[in-house]
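Worksheet for the structure shown next.
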Amino acid sequence: MKVNVECFPCFLRQTVTALSQFDMDDEVRFAIIGDVLGVLKGVDVEKTPAYATTFIYRTVKKRMGLDPYAALKRQFNEFALKLYPALKEMVSNSGEPLWSAARIAIAGNIIDFGIYESFDVEKTINKALEDVIAVDDFHSFEEALQGHKEILYLLDNAGEIVFDMLLIELLAGMGKHVTAVVKGSAVINDATMEDAVEVGLQQHCRVIDNGTDAVGTELEFCSQDFVKEYNRHSLVISKGQGNFETLEGDNKKNLFFLFQAKCDVIASHLNLTKGSMLLKGQ
């Protein structure tokens with residue numbers, strides 16, 4: 001998908017939200033916003049919104065010299081880990097553990113500081129388990145798993161990765177070899193190797209990074225090692241809106257997108273209502 005005119009207010013809102021994480025003089029805030037406005041003037045509208053957002057966050061981080069979401073990421077890793085035992089029991093007691101784990105993973109996608117400033121995780125989990133989700137290709141997902149031993153799992157946000165861990169554990173228990181992918185360095189509240197270690201993900205699967213701080217999975221920015229990994233896997237689980245934006249249309253793979261349509265542009269693109277949950281095959 002391409003940048004929509006409605007993306008521009010969101011680009012600025014994300015900038016202001018990132019700046020709000022620190023106390024700073026208005027003079028510094030205005031200077032950073034000025035830098036971002038310069039970036040927006042040169043946005044390639046033929047690229048994805050995630051592509052543009054990458055350069056916005058690089059601009060903010062360069063000026064601040066800090067990761068604006070470092071503290072919040074730790075906070076939500078801790079929060080999700082507290083929920084983990086109950087969620088694991090919920091999956092174990094389910095009549096369809098794989099179905100439940102997949103839906104809980106989708107629910108975890110609500111943890112996104114690039115889109116939301118507040119969210120109710122537990123309410124979203126209940127909704128995911130009780131409501132009919134907007135796009136439900138679960139049976140295709142189940143069939144695809146039967147034909148693949150190896151799975152590449154593209155992670156999204158810190159905190160959310162604990163919800164993904166439930167699904168990854170289940171897949172490992174089915175004899176699947178899962179390689180989970182984090183970002184090479186910090187961007188928004190996306191998970192990095194530090195987050196994976198913090199929640200103990202490496203105890204359940206192989207964890208690698210994609211060598212970049214780009215939003216989503218922009219292969220042109222990723223390391224050669226990651227691109228090789230991506231190319232050799234024929235089954236990919238892709239978490240989050242950014243990964244959907246950047247990988248939609250790759251018809252060479254069995255791709256399953258697990259996410260929530262958290263903005264009007266994405267919802268309109270999919271002909272869905274904002275907030276819709278998806279397990280969408282491609």
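When a residue number appears, it is its place in the shown sequence, counting from 1.
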If I compare all heavy atoms of Ala186 with all of Lys73, which pair ends up nearest, and what's the gap? CB-NZ, 4.4 Å
Are Glu248 and Thr48 linked by a side-chain donor-acceptor pair shorter than 3.5 Å? no
Is it the case that the side chain of Thr54 and the backbone of Val215 share a donor-acceptor pair, with hydrogens and angles ignored and the cut-off at 3.5 Å? yes
Any idea which heavy atoms bring Gln241 and Ile266 closest together, and the distance? CD-CG1, 3.4 Å
Salt bridge (charged side-chain N to carboxylate O under 4.0 Å, His left out) partners of Asp209, counting only residues at least two apart: none
Regarding Asn243 and Asp156, do their side chains bring together a donor and an acceptor under 3.5 Å, going by distance alone? no
Nearest heavy-atom approach of Thr217 to Thr246 is N-OG1, 2.9 Å
Are Lys239 and Asp190 ion-paired here, with the side-chain N under 4.0 Å from a carboxylate O? no
Residue pair Tyr51 / Asp44, side-chain donor-acceptor N/O under 3.5 Å: no
Taking every heavy atom of Phe256 against every heavy atom of Ala144, the minimum-distance pair comes out as CE1-CB, 3.6 Å
Do Ser276 and Thr273 have side-chain N/O donor and acceptor atoms under 3.5 Å apart? yes
Would you please name every residue forming a ring-ring contact (aromatic ring centres under 6.0 Å, His included) with Phe11, sequence neighbours left out? Phe8
Between Met174 and Leu145, the two heavy atoms sitting closest are CE-CD1, 4.2 Å
